[in-house]
Structures are given as C-alpha cells and as structure tokens.
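For reference, the structure is listed below as structure tokens.
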Amino acid sequence: MDKIRLRFAPSPTGALHIGGVRTALYNYLLARKEGGTFVLRIEDTDQSRYVPGAEDYIINALKWLGMEPDEGPGFGGEYGPYRQSERKDIYQKYTQQLIDQGDAYYAFDTAEELEQARQKDVTFKYDAGARMQMRNSLSMKPEEVEKAMAEGLPYVIRLKVPDSETVLFTDVIREEVAFDTAELDDKVLLKADGMPTYHMANIVDDHLMKITHVIRGEEWLSSTAHHVLLYRFLGWEDEMPTFAHLPLILKPSPESYLNKSTTPVLAKRMAQEFARRQPDEAKGYESKAENLALQAFQDKKNLTTHLKEKDKDDAQKAAFKAFLKSALYGKLSKRDGDRLGFPVFPLSWEGETAEDSFIGFREYGFLPEATLNFLALLGWNPGDEREMFDKAALIDAFSLERVNKAGTKFNIDKARWFNQQYIIKSDNAYLAEQLRPMLKEKGYAPDEVFLLQFIELMKERAVTLPDFVENGYYFFERPRGYEEKMIKKRWKPERHTLFTELVDGLEQLPDFSAEAIKASSEAFMEKHGLKFGEVLPMLRLANAGTMKGPAVFEMMELLGKEEVSQRMRSAFNAFDDIAQS
RNA sequence: GGCCCGUUCGUCUAGGGGUUAGGACGCCAGGUUUUCAUCCUGGUAGCACGGGUUCGAAUCCCGUACGGGCUACCA
C-alpha cells in the first residue's frame, strides 16, 4: 500500500485557534504513526480576510509544538505550490471542466440580490427549486449569457447539485452519514474575483496532492456531501480520501465558572462587549443589559431559561439575550480566552488593537510538551488509563478509531494540572532555559548555579512558568512586605534581642549549609526553651515575607549567609512595628 | 425554521446485553512535610427522559428533550 498523506490546511486569517492546533496534531500523529507525510497547505483564497503574519504564526506554532510539516510553503515538496492563492489557474481549469460537463453554471446575481432573496425568505436556498428564478446560465437564454459575459458582468460559478438523490459517505469517526441532495444548495465554486471557494479548492488540492485522509473539524461535516459530489463530477470518486470529522472544542459551561466573585465582573464585561460589538442594538441599553446579565448569572441554575427569548421582549433585549447565548455556549472562540482568563491560542498574537491581541499557551507559561499532551486528550483517549504521553508515546498510541464523537468542553484546570506534572518531571536545566527570559524581563540575572538550585526548590510549587518568578521573587530581591497575620500572632518584640543572638550564631557558621543552619537553630531553641513553631515561621517570614515556600533551611542556604543576616536584622525591626501596630 | 451530528460523575473519559459502572481533573477529609506545594490514603458525585426488543438494557431500536454544527462570492 502507498504511504498515507495528510494535510493541515488552515487559513491565514489571524492566530491559529487551539482547535485548529488539535486538528493539526491529529493529522501529524497519524502521519507519523503510519510513516506517512504531513503536508501544510495555506488556504488563502479569501483575500479580504488575509492577515499578514498569520502564516508565520501558524508555522511558529507548529514548530513550538514540534510538528514540523514534511511539505508546505518553505518546507519543499513535489506537490506545490502550497498556497492556494498561487494555484488560481489550476482551479479555473477544473471549474471549466465542470461547466463543460454541465455540472456547474455561471451565475450573475449580485450580492444585493441574494441578500434581498434571503431577507424576503429566511429559508431561501440557492438550489434546484430556486435557480430558475435567479440570473444564471441555466435560466437565461444563451445569447443573454453571452452578452453578459461580453459586457464583463461579474459572475460566479456554482455547482449544479442534482435534483434528488442520496449522497452517502463514510466517516471514520461517525460511520455512515447520509444527505439528500434536495437539501443541498448550489455552492459557489469560483468567486467573482476568480478565486475558488474552500469547497472547490480543497477538493482539487487534496486530489492533486494525493491526500489520503482528510481530518478536519466537525463544522465541515455538513458540506461534505458537496465535496463528495465534486469528487464524483471530477471523476475522482474512486480515489476519494477517507474522512474523519473531529468533535468540536466547546466553551466551558457557565455553571463551572459563575460564582459570587465572577458574576458581577462578567455581567459588566458582557454588557460592555455587547455595546462594542453591536453598538446599534446596545444604544441606551447598557445598564439594562448589565442588570439582565447579572440577574441571569446569579440564578445560574436557570440560566438558559433567562436567556430564552420571549415574545414580549423588545428588540434590544432579544438582541442582548442572543449575544449572551452565543458568548456563553458553543464552540470555543478567541474571545473566550479574554473573557475567562485563559489562553485559547498556542502563541501570543499581536493584533492591530488590544482588542485583537491574545495571549498564548506559551506566554501563559505552558510547556510545549504539556500543551501537546493536554491537546491530544481533548477528544481522543488511548483506551486504557494512561494519560501522560510524550510525543513518541502519542504517535505510538494514536488512532482515529479512538477519537470521540461528542464535543469536548475546554477545561483549563486539567490543562494546568498537566503543566504542573511536566514542570515537576522536567530537567532543571531545561526549565532554566525557559525561565531565563522571564527573569531578565524582571531585571533578575542569577548565575546558573543559583538558578538551578532555585528551580530545584521551587519546581513542585509551580503550575505555570511565571509561578516560579511570582511565587519565588524573594530569591532575587528582598521581601516586598511581610505577612502580618503570622507576625501579629507569633512575634514577641521582647524576644528581638534573643533572635538577634540567633543571627549572630548563624553568622559564625563556617559552612552555611542547610544542615549547619538547622543544627545552629536547634541549639538556639534548646538553649532558650523555644519551640519550632515559635522560631521557624519567623525565619521564613524574615527571609521570604510569606509563609509559603520551600524548606526554610534550604532556602536560607541558597540565599547565602550575608543576605540572610541582612534580611533577618532588618525584618526583626519591621516585625516590631507590625506587632505594635 | 430546515438539514446533519451528538448525550456515562461538575469536567474529560473507560465500558457497547448480565460490571459493586472503572480512571483522571476539580472539590472535601485524613496522613507525610512544624509553612506552602509535592506525594500517599479515603470520600463526594454519573448512564437525559419515555417507550419498545430481551429472561435481563447504561449498552440494541424508536420517539422526546437537551446540546452542538451548518444553513456566505468565510474558511
């Protein structure tokens, strides 16, 4: 059997969404598992949505996760070019073939006319029933068509969907799926600007690039019947690729994050976003919107009931309810990251505005290995109880048959857990590499030995990379403040002198090791009849300012004698003030 | 609205005629660590509903409900 060939075919309209990354991953995994080829194809047929930099972003994201394409723009391959905008004439040729065969036709309807038709009838479909009423080469006389063409009237080419037959295809994940062509519309194949639509381009390219498996999101399931028709008309049905439609990644359910503290914030944010995105409907409705959201959120058990549109709703209310519904439920979207405070993109994206800029998993502090592992399990499982998988294990275990059918709600907590696990088992030197830039940004430049020990001490206490810096900042600078509660409870100003004696003792230590510090502290405690609980918290607080952190004596060893002594002497003065306040 | 797809703990899922319905995250409790975290132990909680088929249904069939996708000269 020939080697399998898979493709990831994103469109360069901005940052690559996490769902797209997972699609790429499944394509990549299957290609690697079967010793096949992983192709990257850029679907840039919509010039109006083209965003410069998006293609680089896609490639960088794939590289970050270790999924380099075997073929693609900049990667070589014998089936190029791999950008659809560079393949225009190829599509035109095949579209012409369909015209000649009578399987496609010219249509001259303007955007306005189509818009009107849809407005008159919401269920309007450009199909066998409607096409003779429209302006196209089927309804017009040949000479009218010729005249229109001669005049240079803009036209599109549409697929002539057969009247009434059943299109059946097999999906690896969903098994048999059937569509009646009577339900299908005459999809545009070639747009007025001469560019193909997705439907035409993807069939032609998949065939020409000898793609054997099409793994894509479920949003494509509905148009697959059109695609089958296209394969048939082009005479390629026998070599049609295997289809696999992936379950979608969904937003977390509102019930999981709505609580007393998030409710008011989210209600306000929703009202503001509504005002920004739909200014006309929102005009003068801002405060009412916030109230409505607040009420609905507070009664989260009946949230869907609150959002149901009622007959007596005015237009603004209905519009806001619809907006809320789409913001709260459904496919995970780029806005959800901002709204809920977690990344939905692999890498950060700098858009034109802050509105259009998003943080990535990388910048949020995720390790690529963890991101990959987490993503792989979003809709797939190995069939046993393992869940920690490196790339090689993933390649070994992956199969399309074990991909789920149902949509998967995004769960940031599980993602964070994965990241924590990966941080714990990562090499300190590797983590040091990741941490260096973050440290530098804060103005910290520890030497390598110090950094490695710092990581060793902190790695079990970090969920994301920035946690190292945020929770362990006091390794690089003096404590910014002291946790007062413990001081008020435990610090006795009359013991100030006593504690100074402890510092004196520590300063005499020839070897400032954790063991020596411990021994010296224990001797001190014994001499003065003090308990661990009376001394250790003070040592911790004096050096770190917080009660959270690694073992005290090890922390002190890393800080060094000089630093510890200074920190403690000045801390005790501060403790006196706090205790007396 | 129409068409298509789906539904097992709060979430991700295993299980596909006879199971004490298993695991993971989260949460709760206990232990270890005189902090925090890690780690260990335990607990919490689930087959959407209604009909069939069957000796027996979470599992098969039909319907309902609910969720999702599509319904562009976007992909």
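Naming convention: chains lettered A, B, ... in sequence-line order (proteins, then strands); numbering from 1 in each chain. Note that this is a predicted model, so its numbers are computed, not measured. These numbers come from the heavy atoms of this one structure, side chains and all, not from hydrogens, waters or symmetry mates.
OP1 or OP2 of B/C70 has at least one side-chain nitrogen or oxygen of A/Lys331 nearer than 4.0 Å. Distances shorter than 4.0 Å separate some side-chain N or O of A/Thr408 from OP1 or OP2 on B/U13. Listed pair A/Gln421 / B/C39 meets the phosphate criterion, a side-chain N or O lying under 4.0 Å from OP1 or OP2. The side chain of A/Lys187 places no N or O atom within less than 4.0 Å of a non-bridging phosphate oxygen (OP1 or OP2) of B/C70. Under 4.0 angstrom from either OP1 or OP2 of B/U13 there lies no side-chain N or O belonging to A/Asn381. OP1 or OP2 of B/G15 sits under 4.0 Å from a side-chain N or O of A/Arg402. OP1 or OP2 of B/A14 sits under 4.0 Å from a side-chain N or O of A/Asn404. OP1 or OP2 of B/C73 sits under 4.0 Å from a side-chain N or O of A/Arg118. The shortest distance between the side-chain N/O atoms of A/Arg158 and the OP1/OP2 oxygens of B/C73 is below 4.0 Å. The phosphate of B/A37 (OP1 or OP2) has no side-chain N or O of A/Gln420 nearer than 4.0 angstrom.
Here A/Val156 lies in heavy-atom contact (under 4.0 Å) with a base. A/Gly217 comes within contact range of no nucleotide atom at all, as no heavy-atom separation falls under 4.0 Å. If you check every strand for non-hydrogen atoms under 4.0 Å, A/Ala551 touches a base. Note on A/Gly330: only backbone sugar-phosphate atoms sit closer than 4.0 angstrom, heavy atoms only; bases stay farther off. Among the atoms of the strands shown, only primed sugar atoms or phosphate atoms (P, OP1, OP2) are found under 4.0 Å from some heavy atom of A/Phe179. Note on A/Leu377: only backbone sugar-phosphate atoms sit closer than 4.0 angstrom, heavy atoms only; bases stay farther off. Residue contacts for A/Glu255: at a heavy-atom cut-off of 4.0 Å it reaches no nucleic acid atom on any strand shown. Looking at heavy-atom distances under 4.0 Å, A/Ser223 makes no contact with the nucleic acid at all. Nucleic acid contact for A/Pro550: base, since at least one base atom lies under 4.0 Å from a heavy atom of the residue.
The interatomic distance linking A/Glu554 (CD) with B/U38 (P) rounds to 18 Å, in whole Å. In this structure, CG of A/Leu332 is placed 11 Å from P of B/G69, rounded to the nearest angstrom. Distance OH (A/Tyr50) to P (B/C74): 18 Å, rounded to an integer number of Å. Separating the CZ atom of A/Phe374 from the P atom of B/C25 is a distance of 14 Å, rounded to the nearest angstrom. Atom CD1 in A/Ile424 sits roughly 8 Å away from atom C1' in B/A37 (whole-Å rounding). One can place CZ of A/Arg216 at 14 Å from C1' of B/C5, the figure rounded to the nearest angstrom. In this structure, the CD atom of A/Glu385 is 15 Å from the P atom of B/U13, given to the nearest Å. Atoms NE2 (A/His199) and C1' (B/U71) sit 11 Å apart, rounded to a whole Å.
When each of B/A14, B/G68, B/C5 is scored by its nearest atom to the side-chain atoms of A/Leu250, the top-ranked nucleotide is B/G68. Checking B/C70, B/G1, B/U7 against the side-chain heavy atoms of A/Ala406 singles out B/U7 as nearest. Closest to the side chain of A/Tyr329, out of B/C73, B/G68, B/C5, is B/G68. Checking B/U38, B/G6, B/C12 against every side-chain atom of A/Lys409, the shortest atom distance belongs to B/C12. Ranking B/G69, B/C36, B/C25 by closeness to the A/Asp413 side chain, first place goes to B/C25. Residue A/Arg461 places its side chain closer to B/A37 than to any other of B/A37, B/C3, B/C25. Which of B/C5, B/C74, B/U11 sits closest to the side chain of A/Asp46 comes down to B/C74. In this structure, of B/U11, B/C4, B/A75, it is B/U11 that holds the atom nearest to the side chain of A/Asn411.
Nearer to the 5' terminus of RNA chain B, by closest-nucleotide assignment, is the contact made by A/Gly533 (compared with the other of A/Gly533 and A/Glu43). Projected onto RNA chain B by closest heavy-atom contact, A/Leu190 and A/Asp384 fall at different nucleotides, the more 5' of which corresponds to A/Asp384.
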Please step through salt bridge (charged side-chain N to carboxylate O under 4.0 Å, His left out) for the pair A/Glu43 and A/Arg41, ending with a clear verdict.
CA-CA 6 Å; A/Glu43 309 229 329; A/Arg41 187 173 70 219; 2.9 Å; yes

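The side-chain contact (heavy atoms from CB on, under 4.5 Å) with A/Tyr82 is formed by just one residue from the set A/Asp205, A/Val39, A/Leu40, A/Ile42; it is A/Val39. Exactly one of A/Tyr155, A/Tyr106, A/Tyr126 qualifies for a side-chain hydrogen bond (donor to acceptor under 3.5 Å, both in side chains) with A/Asn136. That residue is A/Tyr126.
Geometric assessment of A/Arg480 against the ring of A/Tyr474 yields a negative cation-pi assignment under the 6.0 Å and 45° thresholds. A cation-pi contact, defined as under 6.0 Å to the ring centre and within 45° of the axis, is absent between A/Lys120 and A/Phe124.
Taking the P atom of each, B/A21 and B/U13 are spaced 22 Å apart, rounded to whole Å.
Judged by distance alone, with hydrogens and angles left aside, A/Ser222 brings a side-chain donor or acceptor within reach of the base of B/G69, the pair sitting under 3.5 Å. A/Arg174 contributes no side-chain N or O that forms a donor-acceptor pair with the base of B/C5 under 3.5 Å.
Using Watson-Crick or G-U wobble geometry with both donor-acceptor distances under 3.5 Å, B/C27 finds its partner in B/G43. Base pairing of B/G18: its partner is B/C55, meeting the Watson-Crick or G-U wobble criterion (both donor-acceptor distances under 3.5 Å). Using the Watson-Crick or G-U wobble rule with both distances under 3.5 Å, B/G6 pairs with B/C66. The partner of B/C36, taking Watson-Crick or G-U wobble pairs whose two distances both stay under 3.5 Å, does not exist in any strand shown. For B/G1, the paired base is B/U71 (Watson-Crick or G-U wobble, both distances below 3.5 Å).
The aromatic rings of A/His199 and A/His226 sit tilted, their planes meeting at an angle between 30° and 60°. A perpendicular orientation is assigned to the rings of A/Tyr57 and A/Phe345, their planes being inclined by more than 60° (bins at 30° and 60°). Below 30°, between 30° and 60°, or above 60°: for A/Trp380 and A/Phe398 the angle between ring planes is between 30° and 60°, a tilted geometry. Between A/Trp220 and A/His227, the angle of the ring planes lies from 30° to 60°, which puts this pair in the tilted group.
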